[in-house]
Amino acid sequence: MKVVLRITTHNLFKNMRRNLTILLNMILCTFVIFILLQNYHFLRKRHSEFFSSGKTASNYEVAFAVDEDVITYANDKLNLTHMFLVGQKVIEDIENNSNLFVYSFAGNSTRLSGIQNKVDLSPFIEETMVFDESSISNPVLSLNAFEAYHLKISSGRFFTEEDYNLESGQPLPVILGYELSSVFQLGDIIEYKDNEYSDQAVVVGFLEQNSGYVIWNAYYPLDRAILSPFEFPRMFDHSNEYRRIQFIYTKSDDVDVQAVVNNATAKNGFYTLEVSPVDGVQVTETKTISEKNVRIIGFLAVISTIMCLFSLSMILYHRATEDLPSNCIYLCCGIPLWKINISVVLEMIVWIILSLIPTIAISFSIYHAVLVPMWLLIFFAMMITGIALVPVFMVNKKCNLDMFIRERIVF
């Protein structure tokens with residue numbers, strides 16, 4: 001062992017300029033590995049934190065980016081200005097994307113006291129802040145909302161375009177939750193009357209059992225709900241002449257909804273709109289660009305690593321060739337070849353440890369920690385160094401004492 005340590009020490013301090021070249025090359029190689037692993041680990045950690053739900057959003061709420069634009073657009077709608085018509089063109093452009101369509105949704109409630117039918121609705125009562133009395137949930141959905149929330153019918157039918165263009169006096173079509181099928185049947189007329197409003201609704205369908213929807217990370221069951229195209233009772237005159245862009249549903253996880261909306265508003269000169277995911281996490285162009293950057297960084301890191309590996313291999317190969325006379329002398333003194341090779345390995349372990357110090361220092365200065373597990377960084381550094389040592393072992397294996405003596409005989 002003393003012989004091995006003596007040879008290792010001799011190699012470390014024999015030619016400082018050559019050893020400095022080896023060290024700098026290994027520092028560069030280790031740092032390239034660090035860039036690849038650190039960036040991958042950092043982005044994966046951030047991705048896990050941001051995409052903690054594991055589900056990409058399919059429903060997005062649309063809102064004006066500037067609060068003042070809400071009032072301005074309301075005036076545009078009231079007066080049918082050019083900007084309001086532009087807004088309809090924006091909706092059409094968004095819907096031209098085969099993976100997107102817009103819909104509206106509102107959570108309302110219907111007073112229990114207003115329903116005049118001789119039925120017991122007490123099991124379906126919901127206490128709400130809308131009224132100072134008991135009520136039943138009355139979500140208002142546009143036509144596309146059923147597909148957006150993946151709702152299915154157990155009996156009857158969905159709403160149709162005609163249901164959103166009712167003439168005055170026609171009963172309002174409603175779809176009831178599954179549990180309400182024990183109280184009402186298809187075709188039943190629900191009579192409503194209170195001190196202010198009087199209305200009628202006709203049951204056209206029942207939802208499947210355990211139907212519901214997710215919005216803002218909260219689940220809302222619909223087994224005890226009355227779904228309608230307008231609020232029930234109808235408090236205002238409604239018209240389906242103007243479509244509301246309240247929500248956007250996407251069928252694909254790869255669509256950047258915000259980018260599509262930005263393109264539509266910029267193309268038509270409309271107010272700036274923002275989308276917010278309501279049932280998951282949002283796919284953005286930033287995510288796509290980040291993924292591409294990671295691949296580019298990985299490609300450059302691999303290329304740089306190969307170059308560093310080739311350079312280190314050449315340096316060690318030339319050094320092994322220069323050390324042939326010394327190794328032959330060691331062999332003449334009875335030192336076996338395996339001890340010479342072990343001394344080379346120990347020397348390279350020292351250079352690996354020294355090459356890790358700048359990388360660790362840079363990591364702490366930028367991230368205040370080493371995000372990559374140290375064993376992984378050491379493993380890759382030792383793997384590359386081990387590959388670079390293959391030419392050295394091959395040269396040492398060819399170390400022939402007889403050949404060495406013959407080459408130095410002067411004739």
Side-chain angles (χ1 to χ4, degrees), residues 74 103-146 148-149 151-213 215-216 218-242 244 246-247:
Y103 68 96
S104 62
F105 172 86
N108 294 318
S109 296
T110 299
R111 290 180 181 178
L112 178 62
S113 60
I115 298 179
Q116 303 299 309
N117 298 66
K118 303 300 182 180
V119 293
D120 182 15
L121 295 176
S122 56
F124 313 105
I125 295 173
E126 290 187 0
E127 299 293 336
T128 68
M129 299 297 292
V130 180
F131 305 111
D132 296 330
E133 59 180 86
S134 302
S135 60
I136 294 180
S137 175
N138 174 220
V140 176
L141 295 82
S142 66
L143 199 59
N144 291 333
F146 289 92
Y149 293 134
L151 301 178
K152 296 182 179 180
I153 293 293
S154 63
S155 61
R157 64 173 177 84
F158 284 116
F159 296 144
T160 63
E161 289 285 352
E162 291 74 15
D163 296 330
Y164 294 87
N165 295 276
L166 298 174
E167 296 181 0
S168 179
Q170 284 185 291
L172 179 68
V174 294
I175 297 174
L176 305 184
Y178 180 82
E179 294 184 14
L180 286 168
S181 61
S182 62
V183 178
F184 295 102
Q185 297 180 355
L186 290 176
D188 283 354
I189 300 296
I190 301 177
E191 300 284 349
Y192 185 92
K193 187 175 182 180
D194 58 20
N195 295 330
E196 298 179 78
Y197 306 103
S198 177
D199 203 352
Q200 289 183 330
V202 56
V203 179
V204 298
F206 289 94
L207 294 176
E208 286 188 348
Q209 191 174 12
N210 299 322
S211 295
Y213 62 93
I215 186 169
W216 303 119
Y219 177 76
Y220 297 91
L222 293 175
D223 284 339
R224 301 181 175 185
I226 301 175
L227 282 64
S228 58
F230 308 114
E231 68 268 25
F232 179 69
R234 287 165 281 188
M235 302 178 184
F236 307 99
D237 292 332
H238 294 280
S239 173
N240 198 41
E241 182 181 354
Y242 312 121
R244 290 181 296 171
Q246 186 181 5
F247 291 93

Quick one: list whatever passes side chain to side chain contact (heavy atoms under 4.5 Å, CB included) with [X], sequence neighbours left out.
{"X": "Q170", "value": "L166, E167"}
{"X": "L151", "value": "L141, F146, Y149, L207, S211, L222, L227"}
{"X": "K193", "value": "Q116, S198"}

Hey, does the side chain of [X] reach the backbone of [Y] with a donor-acceptor pair shorter than 3.5 angstrom?
{"X": "T110", "Y": "N138", "result": "no"}
{"X": "N117", "Y": "I189", "result": "yes"}
{"X": "S142", "Y": "S104", "result": "yes"}
{"X": "D223", "Y": "N210", "result": "yes"}

Q: With sequence neighbours left out, write down each residue that passes ring-ring contact (aromatic ring centres under 6.0 Å, His included) with F206, or none if nothing qualifies.
A: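 In terms of ring-ring contact (aromatic ring centres under 6.0 Å, His included), with neighbours along the sequence ignored, F206 is linked to no residue.
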Min side-chain heavy-atom separation [X]-[Y] under 4.5 Å:
{"X": "L143", "Y": "E161", "result": "yes"}
{"X": "D188", "Y": "I190", "result": "no"}
{"X": "S181", "Y": "L176", "result": "no"}
{"X": "F232", "Y": "N108", "result": "no"}

Results of side-chain hydrogen bond (donor to acceptor under 3.5 Å, both in side chains) for [X] - residues two or more places apart only:
{"X": "Q209", "result": "none"}
{"X": "E162", "result": "T160"}
{"X": "Y192", "result": "D194"}

Q: Output every pair passing salt bridge (charged side-chain N to carboxylate O under 4.0 Å, His left out) with a member in residues 197-207, not counting sequence neighbours, ordered by first then second residue.
A: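 Every pair satisfying salt bridge (charged side-chain N to carboxylate O under 4.0 Å, His left out) with a residue in residues 197-207: D199-R234.
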